[in-house]
Amino acid sequence: MPALIGLFLSGFIGILTEALPAGLLPAMSRTLHENISVTGQTVTVYAIGTAVAVIPLAVATTTWRRRDLLLFALAGQVITNGLTAISHNITLTLVVRFLAGLSSGLIWSLLGAYAARIAPEAKQGRAISIALGGIPVSLALGIPAGVFLGSVASWQTAFWASVALTVLTGVWALLTLPNLPGIARDRRHTVRQVLRLPGVRTILFVVGAFVIAHNILYTYIAKFLADEGLGAQTGPILFAFGAASVVSILLVGAHIDHHLRKIIVCCTVVFAAATLILALFTGITVLVYLAAAAWGLAFGSSATLFTTAIVVATGPAGDVAQSVMISVFCGSIAAGGLIGGALLSGLGSHALVEVCFVLVAAAIVAYSAKRHAFPANA
């Protein structure tokens, strides 16, 4: 368990570093002498860095010992967060944030497969669930804490606090994580080989449909609620989503090793039901809250579930396969924002939930793949 806490904190830091500027943009923009829209690209370039780097870096570093690689990635977060805190130049800040995204890509390429390797075979799913639990916890607790620090002190204080937490995480990882060997070059899998493995393309299709649907809705939920006359309740509705996301970690972690397929199918059906409720019953406020909670319950552990599925399906190729999945995950986040914006401009906000339902329904159809991607005995 202590070793898994090191992986949990590493994932926590990756998400915290990515999203922290979002709550600090007004103060950051004043320091950087730019408007908020330009300063907001500090979040965008980080995500781009993660998406473009995760596959090539994972392939290039498969021979590295695992703890050494994680410590190297955490050191990258320390340096780039420190440079962000002292920068007064937007160009330098954007370059540094892109580099921070590269180190984040290394972290994400490690977590799931690392957790699976240090856990007993019968408990790999639970180990992955703990290691990736830092994602929703960071969204629910870490980022608001950073914003609070920025409001009572300065935005730089929030970044220096993340530096301190990253250093402590590195020390914890050094003391608790086994330094597992990498994979010899002659046994290293290429991306092409991974994509040819049975079940991988089906899993990636489901990941894409699920995450695009989520981000279409999440990116523009405030506009959708405002158009439905619920704009004043956006905060509480999103709290219902966030609280349910955290609960999802506990529920999934307790059962993932014995019921992986059932949980993934259940989460997708629940997500589809939530979008259907939002499409048909926004006039009933209590149902909107229930739909938001159901959505959070379905999405909160999605990264854990899909990572476990692809690690189980690919075995020794898990490190590279996970990096491919993360690249699809990050790309789907960007695609969701773009598709949602086009839908909003062309068809209006109600089309958002309708398209989300269609995407999630397509993912449900993909679960007919019971042999390799989502085996019935998993």
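Nothing here was measured: the structure is a model prediction, and the numbers come from that model.
One N or O on the side chain of Thr314 and one on the backbone of Ile310 form a donor-acceptor pair closer than 3.5 Å. Between the side chain of Trp295 and the main chain of Leu217, no donor-acceptor pair closer than 3.5 Å is present.
Between Phe159 and Trp155, the ring centre distance stays below 6.0 Å.
Only one option out of Val95, Leu102, Leu99 pairs with Thr80 in a side chain to side chain contact (heavy atoms under 4.5 Å, CB included); it is Leu99.
A search for side-chain hydrogen bond (donor to acceptor under 3.5 Å, both in side chains) contacts involving Ser248 returns Ser301, not counting sequence neighbours. For His33, there are no side-chain hydrogen bond (donor to acceptor under 3.5 Å, both in side chains) partners at least two apart in sequence or on another chain. Ser87 meets the side-chain hydrogen bond (donor to acceptor under 3.5 Å, both in side chains) test with Thr93; sequence neighbours excluded. The salt bridge (Lys or Arg N to Asp or Glu O under 4.0 Å) test applied to Asp68 returns no partner, not counting sequence neighbours. Residues satisfying the side-chain hydrogen bond (donor to acceptor under 3.5 Å, both in side chains) criterion with Ser103, sequence neighbours excluded, are Gln77. With sequence neighbours excluded, no residue forms a salt bridge (Lys or Arg N to Asp or Glu O under 4.0 Å) with Arg67. With sequence neighbours left out, Phe239 forms a ring pair (Phe, Tyr, Trp, His ring centres under 6.0 Å) with no residue at all.
In this structure, Ser327 OG and Ile55 CD1 are separated by 4.0 Å, a value rounded to the nearest 0.5 Å. With values rounded to the nearest 0.5 angstrom, Leu74 atom CG is found 10.0 Å from Leu165 atom CG. The distance from the CD1 atom of Ile264 to the OG atom of Ser302 is 10.0 Å, given to the nearest 0.5 Å. Distance check: Leu359 CG to Ile364 CD1 gives 11.5 Å after rounding to the nearest 0.5 Å. Note that CD1 of Ile256 is 5.0 Å distant from CG of Leu305, once rounded to the nearest 0.5 Å. Taking CG from Leu111 and CG from Leu106, the interatomic distance works out to 11.0 Å, rounded to the nearest 0.5 Å.
Using a 3.5 Å distance cut-off with no hydrogens or angles, the side chains of Asn215 and Ser332 do not pair a donor with an acceptor.
Evaluation of the salt bridge (charged side-chain N to carboxylate O under 4.0 Å, His left out) test over residues 227-240, restricted to residues two or more places apart or in two chains, returns Lys223-Asp227. Applying the ring-ring contact (aromatic ring centres under 6.0 Å, His included) test to every pair with at least one member in residues 332-358, sequence neighbours left out, gives no pairs at all. Screening residues 71-119 for ring-ring contact (aromatic ring centres under 6.0 Å, His included), with sequence neighbours left out, gives Trp64-Phe72.
By the rule that hydrophobic residues join a cluster once side-chain heavy atoms approach within less than 4.5 Å of another member, Leu204 and Val206 end up as members of one cluster. Cluster membership for Tyr46 and Leu20, using ILVMFWY side-chain heavy atoms within less than 4.5 angstrom, is not shared.
Ring orientation note: the planes of Phe299 and Phe329 are tilted relative to one another, at an angle of 30° to 60°.
Within the hydrophobic cluster formed by Ile, Leu, Val, Met, Phe, Trp and Tyr side chains joined at under 4.5 Å, directly or through other members, Leu92 is accompanied by Val78, Ile79, Leu83, Ile86, Val96, Trp160, Val163, Val167.
Under the 4.5 Å side-chain criterion, counting only non-hydrogen atoms from C-beta, Thr17 is in contact with Asn81. Side-chain contact check for Val358 versus Thr275: every heavy-atom pair is 4.5 Å or farther apart. At a threshold of 4.5 Å between non-hydrogen side-chain atoms, the residues Val200 and Val194 count as touching.
Atom CZ of Arg201 has 12 or fewer neighbouring heavy atoms from other residues, nucleotides or ligands inside a 6.0 Å radius.
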Distance-only check: which donor-acceptor pairs under 3.5 Å involve side-chain atoms of residues 283-290, not counting sequence neighbours?
from   : atom 1 : to     : atom 2 : distance (Å)
Tyr289 : OH     : Gln233 : OE1    : 2.6

